[in-house]
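Structure record follows, encoded as structure tokens.
Computed over heavy atoms, backbone and side chain alike; hydrogens, waters and symmetry mates excluded.
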Amino acid sequence: MTSHRLEDYPGFRTRSHDKKHLDRVPSGSRLFGALTFSGDVMLKRLPEDVYKQLQQTMHQGQPLDASVANIVASAMKEWAIEHGATHYTHWFQPLTGQTAEKHDAFLAPDGNGGAIEKFSGAQLIRGEPDASSFPSGGIRDTYEARGYTAWDATSPAFILTTPDTATLCIPTVFVSWTGEALDKKTPLLRSIQAVGEQAMRILRIFGTDKGVTQVTTTLGCEQEYFLIDKKLYEQRPDLQLCGRTLFGAPSPKDHQLDDHYFGAIPERVLAFMTEAERRLYELGVPVCTRHNEVAPGQYEVAPYFEGTNVAVDHQMILMHVLRQTARHHGFVCLLHEKPFAGVNGSGKHNNWSLTTDTGVNLLDPRDQTHTNMQFLVFLVGVIRAIDKHADLLRGAITNAGNDHRLGSNEAPPPIISIYLGAMLSDILDQIEEGGPQKTKRGGTIDLGAHILPQIPRHSGDRNRTSPFAFTGNKFEFRAVGSSTPVAWPNTVLNTIIAESLDDIATELEKRAGKNPTPRKLETAVKSVLKDAVKKHRRVVFDGDNYSEEWHQEAEERGLPCLRTTADALPCLKSKKALGLFNKYGVLNNRELRARVEVLFDQYITVMSIESETMIDMLRSYVLPAALRFQAELAEAATASQAAGIECPGTVEQLRQHVRHIEELQSAIANLKNVASRNNRSPEALARHIRDKVIPAMDAARRVADTIEQEVSDDLWPLPGYSEMMFSQT
């Protein structure tokens, strides 16, 4: 394994462009958000009445008066130019799964042969990128190019810097000329509104809506990732083209000893993390946790909670900053769900909750949980939604990469279930029996040494095998993949919970009537909860989701097990799904079908790239190395026999190696044959990939990995697993 010193990276300690960049940022606590147009920046630069209007838009969802747009745009431009920006861009999230931007200069002709700095309210509010070249699922044809970006004032503008430039980025939505959504943010905002409206109905029923103007969702996304040395990455075409290794013999040591998890962070990695965090703080991204993950070379960063819309934007920024900063330290950041077979994959744990604008977390059970009927309604509303729409939630997080990760004894299985823990499961028991009467306590833990304190024990354990786990005052959707933009999973989650709260609110209003007495309301609540728990509790499972027994039990319970993308994606365009998203104004039928078409196309394209890359690498790297080693073995056997020395071991090794070469050649031919697309529909082609292409790739990989273990190290042309996973020092 190649070793590296910090001095091997000349820019490690002092990069002139970074020093210049950081010198213009205030030190200390003022560093946070220094490159975002929010908070103190707006307060200092905007008239008080304009500032108040903008704050109402950002925090209460109030429409922004167009008359103040020019004032905001002028202040934003001056602030950006002071930070070195020469251009601005409407920053949006098309259906590619990445972000997009078109940079425009602040300069405009003055009519006299010169130019002036200009950025108007109209330029702030609306842009017009070409809509024909982005995936649209048939909403836009090549000859229909017009699309619009519209300013999302609820997410702060920010400045992205490079060594030589700074650009003002304005978060926007992206829609077609017809007004249909072409991005991930527009339906997300609609879904936040939908679930908020239904949550407000619940609060009004309980009379706890006083002073509350809106309910919104909050989000915190833990991001797992791998770092490998850039020099090794550049020697692996599969990593460069596919984001993962398509083959590679297992390392003698990976995470068997469990010594990497939460271990000491390597100095070079810590330097990378420190710089990445500083850049994220500048951009207002509130990261707070960093640590080693399970696999060698794997790490995690996690933020504080924020409103979902801003958190989604910050998640896209975080992935960008991780990739960008890694290269400054001689690394490449891998966000694929399964860069290395046989070792821990990477997820993006989606921590979700509901909160009022007065600061009340509606998923906080409080001490006397059995008496907190409002919490129990929201809890059962989530349970009902997950049970009724487990297939949609599974479809929301499916992609080619996550197919490798889910169910691999490191991540939740493809069966969507909920973990509640001992205390809440006990309360469900009580609800079914007639009504909750008590709350189970966790007590304290005596550590057995006088110098150690007694520590409070939570009323329930945690379950890292569950795909959707309650973790104190939120739900952790653990099945989301590390490369997944979280706007879409949260759009689906918000929408299914909006429907569930809608149905529960309607039933409560029906049973309790208008202006019910406290006793009548309590009776109605207990009745509705009991019915819902009996019908939907099957989705709750507090045991080991990795076990084979759970798979069998889940099938008996009638829970769907959608193992692959080919199985999961069709659910998103079912009659049930189309009706659901249309009812709550999140996506009309054409918009939803378009997204499913794009997801199918992305899956098929990714798998086509992977299969073609594998064929090329097997022919260009593995087979030549195997043939060279065959020649060496043959020469050694011939020379020994010519000298009168019997060498049955070498001859047998040669025979076995030749058999493996023949198997490899056969596997390559088979893969090439089945990888041909032919004329199939997207769904049929996805099933063909599942049934034929992936098994052919797996068969070719098994032979290639066997040959890698046979061929001498000096002949093998690719960095191996051991070298790549242990390259961070």
Side-chain angles (χ1 to χ4, degrees), residues 235-250 334 336-343 345 398-408 483 563-567 569 599-630 656-711 715-721 724:
Q235 297 174 53
R236 294 283 313 209
D238 47 0
L239 283 178
Q240 296 179 63
L241 298 177
C242 308
R244 74 178 182 102
T245 55
L246 298 178
F247 46 81
L334 302 177
H336 194 282
E337 285 77 11
K338 198 76 169 175
F340 304 103
V343 299
T398 194
N399 60 40
N402 221 14
D403 282 358
H404 294 289
R405 168 179 167 263
L406 293 180
S408 297
S483 69
R563 298 184 182 279
T564 70
T565 297
D567 302 317
L569 273 186
L599 290 169
F600 267 119
D601 184 67
Q602 288 173 341
Y603 173 72
I604 292 165
T605 302
V606 165
M607 294 309 304
S608 176
I609 292 170
E610 287 196 358
S611 60
E612 291 176 17
T613 301
M614 175 173 270
I615 291 169
D616 181 67
M617 290 184 69
L618 292 173
R619 285 175 168 174
S620 303
Y621 291 85
V622 178
L623 186 57
L627 292 172
R628 284 194 294 269
F629 187 62
Q630 175 187 327
Q656 187 179 54
H657 185 66
V658 170
R659 283 197 299 271
H660 291 153
I661 290 175
E662 291 174 349
E663 289 175 14
L664 179 64
Q665 291 170 325
S666 176
I668 293 172
N670 181 52
L671 177 56
K672 183 179 179 182
N673 179 54
V674 300
S676 175
R677 287 199 180 194
N678 298 325
N679 294 319
R680 295 183 176 93
S681 68
E683 285 191 51
L685 188 50
R687 291 193 297 269
H688 174 74
I689 289 169
R690 176 195 64 196
D691 298 336
K692 299 294 183 181
V693 176
I694 292 176
M697 292 178 69
D698 291 343
R701 173 173 190 146
R702 284 193 293 271
V703 182
D705 291 354
T706 299
I707 290 175
E708 179 181 349
Q709 293 173 308
E710 292 176 344
V711 173
L715 294 179
W716 192 251
L718 299 166
Y721 270 27
M724 288 185 287

Is there side-chain contact between Leu623 and Gln665, with at least one heavy-atom pair below 4.5 Å?
-> yes
Nearest atoms (heavy-atom pairs only) where Val693 meets Ser611 | CG1-CB, 4.2 Å
Here the gap from Tyr603 atom OH to Leu685 atom CG, rounded to the nearest 0.5 Å, amounts to 9.0 Å
Modelled atom types, side-chain donor and acceptor of Glu612 and Ser608, under 3.5 Å = yes
Locate the shortest heavy-atom distance separating Asn399 from Glu337; write the atom from each residue and the value.
-> ND2-OE2, 3.8 Å
Minimum-distance pair of heavy atoms, taken over all atoms of Leu618 and Ala704 = CD2-CB, 3.7 Å
CA sep, side-chain torsions, deciding dist, call: His660, Leu664, side-chain contact (heavy atoms from CB on, under 4.5 Å) = CA-CA 6 Å; His660 291 153; Leu664 179 64; over 6 Å; no
What one should report as the nearest heavy-atom pair of Gly243 and His336 is O-CB, 3.2 Å
Do Asp238 and Met614 touch side chain to side chain, with heavy atoms closer than 4.5 Å?
-> no
Between the CG atom in Leu569 and the CG atom in Leu599, the distance rounded to the nearest 0.5 Å is 5.5 Å
Less than 4.5 Å apart, any side-chain heavy atom of Cys242 and any of Ile609?
-> yes
Pairwise distance OG1(Thr565) to CG(Leu406) - rounded to 0.5 angstrom | 9.0 Å
Return the minimal non-hydrogen interatomic distance between Met607 and Ala400, and the atom names on each side.
-> SD-CB, 3.9 Å
Okay, side chain of Lys692, backbone of Leu671: is any donor-acceptor separation there less than 3.5 Å?
-> no
Taken to the nearest 0.5 Å, the spacing of Met697 CE from Ile689 CD1 works out to 10.0 Å
Is it true that a side-chain atom of Arg236 and a backbone atom of Thr245 form a donor plus acceptor pair closer than 3.5 Å?
-> no
From CG (Leu718) to CE (Met724), nearest 0.5 Å | 8.0 Å
N-O pairing of Asp705 and Arg701 below 4.0 Å = yes
Describe, in one word, how the ring planes of Phe340 and Tyr721 are oriented to each other, choosing from parallel (under 30°), tilted (30 to 60°) and perpendicular (over 60°).
-> perpendicular
For the residue pair Ile707 and His657, establish whether any side-chain heavy-atom pair is separated by less than 4.5 Å.
-> yes
Would you verify whether the NZ or CZ of Arg628 falls within 45 degrees of the ring axis of Tyr621 while also being under 6.0 Å from that six-membered ring's centre?
-> no
Would you mind checking if Glu663 and Arg702 are paired as a salt bridge, meaning a charged N to carboxylate O distance below 4.0 Å?
-> no
So, Asp567 versus Thr564: side-chain donor-acceptor pair below 3.5 Å or not?
-> yes
Is any side-chain heavy atom of Pro250 closer than 4.5 Å to a side-chain heavy atom of Gln709?
-> yes
Rounded to the nearest 0.5 Å, how far apart are CZ of Arg244 and CG of Leu246?
-> 5.0 Å
Do you know which two heavy atoms are closest between Arg690 and Pro695, and how far apart they sit?
-> O-CD, 3.4 Å
